[in-house]
Visitor: 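For reference, the structure I am asking about is given below.
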Amino acid sequence: MASNNLKNALIAFLAPLPSILFYLTFLHNHQTTTSPEALSPIWAWCYHHPLLLANALFFFNVNVLFWVISQVLSSHWMIDLYWTVIPVMLVHYYRTHPLAEFNWWRSTIGVLLTWVWSVRLTHNYFRRENWQWGAREDWRFTDMNSQYGKQWWWISFFAVYLSQQVFLIGICLPLYVIHSVNVPLNIWDFVAVIVCVCGIVVAYFADTQLHEFVSRNNEFKEAGKPVVANLDEGLWRYSRHPNYFGEQLWWWGLVVFAWNLGQGWTFVGSFVNTLCLAYVTTLVEKRMLKQEFRVEAYRQYQKTTSVWIPWWKSSPTGGKDKKA
């Protein structure tokens with residue numbers, strides 16, 4: 001177990017090196033060249049197309065290399081971990097690209113917020129996985145593996161990796177905008193910060209409450225005691241998926257930054273992500289209802305509790321529950 005954990009950790013640290021080294025080589029060539037016109041064709045392309053370069057690095061390093069690694073390991077665990085890391089890599093990439101133009105304060109706020117978001121989500125990932133590297137892949141990938149059988153090896157390239165490029169590059173577009181426009185801070189920047197911070201805080205407490213609930217149930221199982229069928233305390237009393245709600249607040253907070261800079265079109269990334277999370281919500285709830293010991297309690301929970309946005313409980317027959 002320890003050797004496998006160490007092996008997976010080493011793979012995770014080495015996997016992004018090709019794109020990192022390529023980008024650092026590009027920066028070195030740019031800094032040692034008198035003008036962009038003197039760059040070789042490949043470095044000139046990298047200079048003039050920062051967003052395309054980000055997509056190219058993602059395609060070859062994540063889509064292709066991570067997919068090849070997953071075939072060797074027979075597990076797609078690494079993409080889950082890197083969902084928490086890639087936005088940090090992207091925000092630093094956008095900030096350091098030679099064509100970057102930004103307000104220093106807005107950029108610094110964006111970088112710090114992205115780091116806080118990433119540390120929180122990475123901590124939650126490892127806490128959930130009992131501090132193991134690559135202990136398991138996402139249950140949705142396992143289900144799709146069972147569904148597609150022998151065809152899964154090639155379908156996984158599109159379903160697991162190429163789709164992640166659409167989502168991650170899309171939802172991180174506001175970070176690109178932040179480093180493409182240089183105007184002074186205004187009140188909407190502070191509104192964006194408030195929304196982002198609220199999202200991070202809500203997601204942290206929701207995930208912590210869920211972790212404590214799961215841990216208590218595991219202790220009950222080990223002691224031979226009956227488990228609690230459903231989490232209906234804290235934020236989970238007012239929302240069936242407060243962790244998803246917090247995560248959405250974070251991404252839509254970034255959209256406020258971009259909208260304030262005249263690039264409201266970048267909402268499309270967060271919008272697609274929200275639609276995807278709505279679908280995931282239905283999958284999670286169907287999975288919950290397949291567990292016999294909690295079916296009745298969860299159906300009651302669905303009738304009385306808001307799906308995402310925290311709200312007062314409703315009575316099973318309709319209307320607000322005065323006891324909520």
Visitor: Looking only at non-hydrogen atoms, find the nearest pair between Ala38 and Thr33 and report the distance.
Guide: CB-CG2, 3.3 Å
Visitor: Working note: Ser70 + Trp77, criterion side chain to side chain donor-acceptor pair (under 3.5 Å); need CA distance, chi angles, decisive distance, verdict.
Guide: CA-CA 8 Å; Ser70 75; Trp77 66 269; over 6 Å; no
Visitor: Run the salt bridge (Lys or Arg N to Asp or Glu O under 4.0 Å) test against Glu285 and tell me which residues pass, sequence neighbours left out.
Guide: Arg240
Visitor: For Arg140, give me all partners under salt bridge (Lys or Arg N to Asp or Glu O under 4.0 Å), at least two apart in sequence or on another chain.
Guide: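 Arg140 satisfies salt bridge (Lys or Arg N to Asp or Glu O under 4.0 Å) with Asp138 only.
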Visitor: Rounded to the nearest 0.5 Å, what separates atom NZ in Lys313 from atom NZ in Lys303?
Guide: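 If we round to the nearest 0.5 Å, Lys313:NZ and Lys303:NZ are 13.0 Å apart.
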Visitor: Determine all donor-acceptor pairs shorter than 3.5 Å in which one atom belongs to a side chain in residues 47-55; sequence neighbours excluded.
Guide:
{"from": "Asn55", "atom 1": "OD1", "to": "Gln165", "atom 2": "NE2", "distance (Å)": "2.9"}
{"from": "Asn55", "atom 1": "ND2", "to": "Leu51", "atom 2": "O", "distance (Å)": "2.9"}

Visitor: Could you walk me through whether Phe26 and His97 satisfy the ring pair (Phe, Tyr, Trp, His ring centres under 6.0 Å) test, starting with their C-alpha distance in whole Å, then the side-chain angles of each, then the deciding distance to 0.1 Å, before giving a yes or no?
Guide: CA-CA 10 Å; Phe26 159 64; His97 192 277; 5.6 Å; yes
Visitor: Could you walk me through whether His123 and Tyr204 pass the side chain to side chain donor-acceptor pair (under 3.5 Å) check?
Guide: CA-CA 10 Å; His123 170 264; Tyr204 169 77; over 6 Å; no
Visitor: Is the number of heavy atoms from other residues, nucleotides or ligands under 6.0 Å of Glu292 CD greater than 12?
Guide: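 Not buried by this count: 12 neighbours or fewer within 6.0 Å.
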Visitor: Applying the side chain to side chain contact (heavy atoms under 4.5 Å, CB included) test to Gln132, which of Asn8, Asn4, Asn5 qualifies?
Guide: Asn5
Visitor: Walk me through it: do Trp67 and Ser156 pass the test side chain to side chain donor-acceptor pair (under 3.5 Å)?
Guide: CA-CA 8 Å; Trp67 176 74; Ser156 64; 3.1 Å; yes
Visitor: Work out which heavy atom in Gly253 is nearest to a heavy atom in Ala192; give both atom names and the distance.
Guide: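 The pair with the smallest heavy-atom distance is O-CB, 3.5 Å.
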Visitor: Could you walk me through whether Gln263 and Trp265 pass the side chain to side chain donor-acceptor pair (under 3.5 Å) test, one step at a time?
Guide: CA-CA 5 Å; Gln263 302 296 324; Trp265 63 270; 2.5 Å; yes
Visitor: State plainly whether one hydrophobic cluster holds both Val255 and Leu168, where clusters connect Ile, Leu, Val, Met, Phe, Trp and Tyr through side-chain heavy atoms under 4.5 angstrom apart.
Guide: no
Visitor: Apply the test side chain to side chain contact (heavy atoms under 4.5 Å, CB included) to residues Tyr301 and Trp236: give CA-CA distance (whole Å), side-chain angles for both, the deciding distance (0.1 Å), then the verdict.
Guide: CA-CA 10 Å; Tyr301 185 54; Trp236 298 81; 3.8 Å; yes
Visitor: Between Tyr238 and Trp311, is the ring centroid distance below 6.0 Å?
Guide: no
Visitor: Taking CG in Leu99 as the centre, count heavy atoms belonging to other residues, nucleotides or ligands within less than 6.0 Å. Is the count above 12?
Guide: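 Yes, the 6.0 Å shell around CG holds more than 12 heavy atoms from other groups.
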Visitor: Check whether more than 12 heavy atoms from other residues, nucleotides or ligands sit under 6.0 Å from atom CZ of Phe190, and answer yes or no.
Guide: no
Visitor: So does Lys7 have more than 12 non-hydrogen atoms from other groups sitting under 6.0 Å from NZ?
Guide: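 More than 12 heavy atoms, drawn from other residues, nucleotides or ligands, come within 6.0 Å of this atom.
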Visitor: Verify the neighbour count for atom CZ of Phe271: are there more than 12 heavy atoms of other residues, nucleotides or ligands below 6.0 Å?
Guide: no
Visitor: How many angstroms lie between atom OG of Ser107 and atom NE2 of His92, to the nearest 0.5 angstrom?
Guide: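 It is 9.0 Å, given to the nearest 0.5 Å.
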Visitor: Can you tell me how far SG of Cys46 sits from CG of Leu57, rounded to the nearest 0.5 angstrom?
Guide: 7.5 Å
Visitor: Run the ring-centre check on His76 versus Phe66 and record whether the distance is less than 6.0 Å.
Guide: no
Visitor: Please check if the number of heavy atoms outside Phe205 that lie under 6.0 Å from its CZ is greater than 12.
Guide: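 12 or below, so no.
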Visitor: Considering residues, nucleotides and ligands other than Glu233, do more than 12 of their heavy atoms fall under 6.0 Å from its CD?
Guide: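 Check fails, neighbour count at 12 or below.
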Visitor: Check for me, please, whether Val227 and Tyr298 land in the same ILVMFWY cluster - side-chain distances under 4.5 Å, paths through other members count.
Guide: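 Yes, Val227 connects to Tyr298 through the hydrophobic network.
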Visitor: Check the hydrophobic clustering (I, L, V, M, F, W, Y; side-chain heavy atoms under 4.5 Å; chains of links allowed) and say if Trp252 and Ile178 are grouped together.
Guide: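 Each belongs to a different hydrophobic cluster.
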Visitor: Answer yes when Asp207 and Arg127 have at least one side-chain N-carboxylate O distance shorter than 4.0 Å, and no when they do not.
Guide: no
Visitor: Give a yes or no on this: more than 12 heavy atoms of other residues, nucleotides or ligands lie within 6.0 Å of atom CH2 of Trp45.
Guide: yes
Visitor: Carefully, step by step, assess Leu175 and Cys172 under the rule side chain to side chain contact (heavy atoms under 4.5 Å, CB included).
Guide: CA-CA 5 Å; Leu175 298 176; Cys172 288; 4.1 Å; yes
Visitor: Is Leu6 reachable from Met78 through a run of hydrophobic residues whose side-chain heavy atoms are each under 4.5 Å from the next?
Guide: no
Visitor: Can you confirm whether Trp308 sits close enough to Leu277 that some side-chain heavy atom of one is under 4.5 Å from a side-chain heavy atom of the other?
Guide: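 Yes, at least one pair of side-chain atoms sits under 4.5 Å.
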Visitor: Is the closest side-chain heavy-atom distance between Phe141 and Ser75 below 4.5 Å?
Guide: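 Of all side-chain heavy-atom pairs linking Ser75 with Phe141, none is under 4.5 Å.
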Visitor: Would you name the heavy atoms of Asp189 and Asn260 that are closest together and state the gap between them?
Guide: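 Nearest heavy atoms, Asp189 then Asn260: OD2-ND2, 3.3 Å.
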Visitor: Ring centroid separation for Tyr93 and Tyr23, is it under 6.0 angstrom?
Guide: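 Yes; Tyr23 has its ring centre under 6.0 Å from that of Tyr93.
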Visitor: Measure the CH2-OG1 distance between Trp152 and Thr142 for me, rounded to the nearest 0.5 Å.
Guide: 9.0 Å
Visitor: Checking Asp80 now: which residues fulfil salt bridge (Lys or Arg N to Asp or Glu O under 4.0 Å) with it, not counting sequence neighbours?
Guide: none
Visitor: Checking Trp259 against Thr266 for the side chain to side chain contact (heavy atoms under 4.5 Å, CB included) test, could you report, in this order, the C-alpha distance in whole Å, the side-chain angles of both residues, the deciding distance, and whether it holds?
Guide: CA-CA 8 Å; Trp259 170 81; Thr266 57; over 6 Å; no
Visitor: List the steps, then state whether side chain to side chain contact (heavy atoms under 4.5 Å, CB included) holds for Thr305 with Arg237.
Guide: CA-CA 7 Å; Thr305 311; Arg237 181 168 180 78; over 6 Å; no
Visitor: Tell me every residue that passes side chain to side chain donor-acceptor pair (under 3.5 Å) with Glu247, counting only those two or more places apart in sequence or in another chain.
Guide: Trp117, Trp251
Visitor: Is the ring centre of Phe13 less than 6.0 Å from the ring centre of Trp133?
Guide: yes
Visitor: Linking I/L/V/M/F/W/Y whenever any side-chain heavy atoms sit under 4.5 Å apart, do Trp104 and Leu185 land together?
Guide: yes
Visitor: Taking only residues two or more places apart in sequence, or in another chain, which ones meet Glu129 in a salt bridge (Lys or Arg N to Asp or Glu O under 4.0 Å)?
Guide: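 For Glu129 the salt bridge (Lys or Arg N to Asp or Glu O under 4.0 Å) partners, ignoring immediate neighbours, are Arg136.
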Visitor: Minimum heavy-atom separation for Leu113 and Cys196, please, with both atom names.
Guide: CD1-CB, 4.1 Å
Visitor: Out of Phe60, Trp43, Phe58, which one pairs with Phe22 under the ring pair (Phe, Tyr, Trp, His ring centres under 6.0 Å) rule?
Guide: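 Option passing the ring pair (Phe, Tyr, Trp, His ring centres under 6.0 Å) with Phe22: Trp43.
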Visitor: OH/Tyr94 to OG/Ser180 distance, rounded to the nearest 0.5 angstrom?
Guide: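 With rounding to 0.5 Å, OH (Tyr94) is 8.5 Å from OG (Ser180).
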Visitor: If you round to the nearest 0.5 Å, how far is CZ of Arg299 from CG of Asn230?
Guide: 13.0 Å
